[in-house]
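A short worksheet on the structure shown next.
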Amino acid sequence: MNEIILLKQGELVLKGLNRHAFEDKLQANIHRRLNGLGRFRVYTRQSATYVEPMEDSCDMDRAWNAMRTVFGVVGLSRARACEKDRDAIVAACQDYLGDRLAAARTFKVETKRADKTFPMTSVQLSQYVGGELDELYPNLQVDVHHPELTVRVEVRDYAAFVHAGPEPGAGGLPVGSSGRAVALLSGGIDSPVAAWMIAKRGVALEMVHFFSYPYTSPQAKEKVLELARLLAPWCGSLTVHVVPFTAIQEELRRSCPEGLFTIVMRRFMMRIAQRVAQRCGGSALVTGESLGQVASQTMDAMAATGAVTDLPILRPVVGMDKEEIVRIARKIGTYDTSILPYEDCCTVFTPRHPRLHPLPGEIAAAEEGLDIEALVNAAVAGIERIHVR
Ligand code: ATP
Ligand code: MG
């Protein structure tokens with residue numbers, strides 16, 4: 001096999017004694033993502049992970065794209081393997097990086113030599129390969145400080161590799177290395193970004209979606225499932241808990257002062273999400289709330305919604321502007337789906353004058369006549385679990 005993928009690990013190299021646990025998680029996630037793309041060998045040496053195809057039928061293009069969405073990888077390169085011989089290395093550079101060598105004006109060669117029995121030092125090999133390429137490509141000049149192209153040579157125990165340097169990976173920590181949480185996924189722009197950001201920090205997720213049929217349509221639910229599908233390459237396959245929310249909303253419309261409707265409704269969301277977390281071993285809730293974005297996202301409103309759960313509520317986009325959130329949504333590929341024009345349960349009964357600074361006493365009064373336990377139990381009993389890959 002003459003091509004492999006080299007992955008550079010990020011922060012996890014800093015994790016001291018936990019490092020092996022992190023590496024194992026990363027390798028397991030990598031294997032999961034390579035499923036169905038052929039037989040690969042995956043191994044880690046000196047904080048680099050090697051993804052090596054073991055048969056000709058391995059789909060390297062799809063493997064490459066899959067590796068770009070693996071959290072815990074800061075950089076990745078596709079590399080050509082060749083014999084550990086200086087002229088074989090020059091030939092591999094010509095063959096594999098020829099187009100780029102022909103297009104660049106300045107370059108340098110950098111060598112890493114893990115195999116200390118190789119007869120040249122790193123510097124000697126860099127100089128040799130650089131000299132040969134300089135002769136072969138008249139357009140090229142050596143620039144060791146700011147080269148347009150860096151040709152990298154790695155001499156390892158059983159082969160040498162050449163590549164043109166890493167491109168940025170997904171960053172973060174391997175999913176599953178920071179525990180599990182439940183993300184509240186609406187059909188909007190913010191919540192998929194929030195879920196992605198928390199998955200990036202190594203958290204395995206389950207999703208909760210509140211669905212208000214017939215006020216919200218089956219297409220609105222399908223849209224949320226599509227968002228979960230778009231997140232699955234990053235987050236791993238996941239379960240979406242679809243909660244029937246109509247009965248609670250209708251009850252609140254009947255009994256709740258209009259200005260407090262959204263806050264009281266959001267308190268129900270948190271209670272139900274907490275129950276889902278208890279069941280799936282989640283130790284936090286994740287929302288796409290951003291400070292001041294809407295009436296229910298003032299600090300007082302967040303305090304009121306957070307008060308019904310003991311779990312920490314992670315709000316990774318709380319300090320971000322909409323444009324910043326949109327930028328991430330575009331990058332991770334959820335934006336186009338998020339802006340499809342289907343209604344969310346939150347928009348169905350929107351009060352004309354929502355209270356921005358609800359007082360605890362008012363909320364208690366608004367909830368006084370409700371059988372909260374029964375409403376929550378009924379919603380939880382009606383949950384539909386949909387597995388998304
Ligand atoms: P988004 O773009 O994520 O929909 P938003 O600005 O529209 O956010 P809200 O509708 O107030 O904000 O919702 C705030 C957060 O509450 C969402 O980011 C999401 O985490 C959660 N949420 C809202 N509606 C639902 C829903 N129908 N199902 C699950 N979670 C929801
Ligand atoms: Mg929303």
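In each ligand, atom 1 is the first atom listed, and ligand 1 is the first ligand listed. Please read all numbers here as calculations on a predicted model, not as lab measurements. The analysis underlying the following values was restricted to heavy atoms, covering all of them including side chains, and did not include hydrogens, waters or symmetry mates.
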Name all residues meeting the side chain to side chain contact (heavy atoms under 4.5 Å, CB included) criterion together with Arg105; count only those two or more places apart in sequence or in a different chain, and write none if there are none. Glu148
Side-chain (Lys25) to main-chain (Val175) donor-acceptor, under 3.5 angstrom: no
Proximal ligand 1 atoms for Leu184, defined as those under 4.0 Å from one of its heavy atoms: 19 (C), 20 (O), 21 (C), 29 (C), 30 (N)
Using a 4.0 Å cutoff against the non-hydrogen atoms of Gly288, which atoms of ligand 1 qualify? 17 (C), 18 (O), 20 (O)
Please report the C-alpha distance between Val153 and Tyr128 in whole Å, then the side-chain angles of each, then the deciding distance to 0.1 Å, and finally whether the side chain to side chain contact (heavy atoms under 4.5 Å, CB included) criterion is met. CA-CA 11 Å; Val153 177; Tyr128 180 77; over 6 Å; no
I'd like to check which ligand 1 atoms, numbered from 1 as shown, lie under 4.0 Å from a non-hydrogen atom of Val208. 29 (C)
What about Phe210: any of its N or O atoms under 3.5 Å from an N or O on ligand 1? yes
Numbering the atoms of ligand 1 from 1, which are under 4.0 Å from a heavy atom of Ile189? 2 (O)
Donor-acceptor side-chain pairing of Asn29 and Arg32 below 3.5 angstrom: yes
Subset of ligand 1 atoms that lie under 4.0 Å from at least one heavy atom of Gln293: 5 (P), 6 (O)
Numbered atoms and elements of ligand 1 in range of Gly188, under 4.0 angstrom, heavy atoms: 1 (P), 2 (O), 4 (O)
Using a strict 4.0 Å cut-off to heavy atoms of Thr287, name the atoms of ligand 1 that fall inside it. 20 (O)
Using a 4.0 Å heavy-atom threshold (strictly under), name the region of Ser296 that reaches ligand 1: side chain, backbone, both or neither. side chain
For Gln297 and ligand 1, answer yes if some heavy atom of the residue is under 4.0 Å from a ligand atom, otherwise no. yes
What verdict does the salt bridge (charged side-chain N to carboxylate O under 4.0 Å, His left out) test give for Glu154 and Arg45, after you've listed the backbone C-alpha separation in whole Å, the side-chain angles of each residue and the deciding distance to 0.1 Å? CA-CA 13 Å; Glu154 302 197 23; Arg45 302 271 185 284; over 6 Å; no
Just which atoms of ligand 1 are under 4.0 Å from any heavy atom in Met269? 24 (N), 25 (C)
How far does CZ of Arg355 sit from CD of Glu362, to the nearest 0.5 angstrom? 4.0 Å
The complete set of side-chain hydrogen bond (donor to acceptor under 3.5 Å, both in side chains) pairs with one or both residues in residues 166-179, sequence neighbours excluded, reads Arg68-Glu167
Donor-acceptor pair, Arg41 side chain versus Met54 backbone, under 3.5 Å? no
Could you tell me whether Lys322 and ligand 1 have an N or O pair separated by under 3.5 Å? no
Between Lys223 and Thr337, does the side chain to side chain contact (heavy atoms under 4.5 Å, CB included) criterion hold? Intermediate values first, please. CA-CA 7 Å; Lys223 171 184 170 181; Thr337 301; 4.1 Å; yes
Check each of Arg266, His241, Glu289 against atom 13 (O) of ligand 1 and report the one with the nearest heavy atom. Arg266
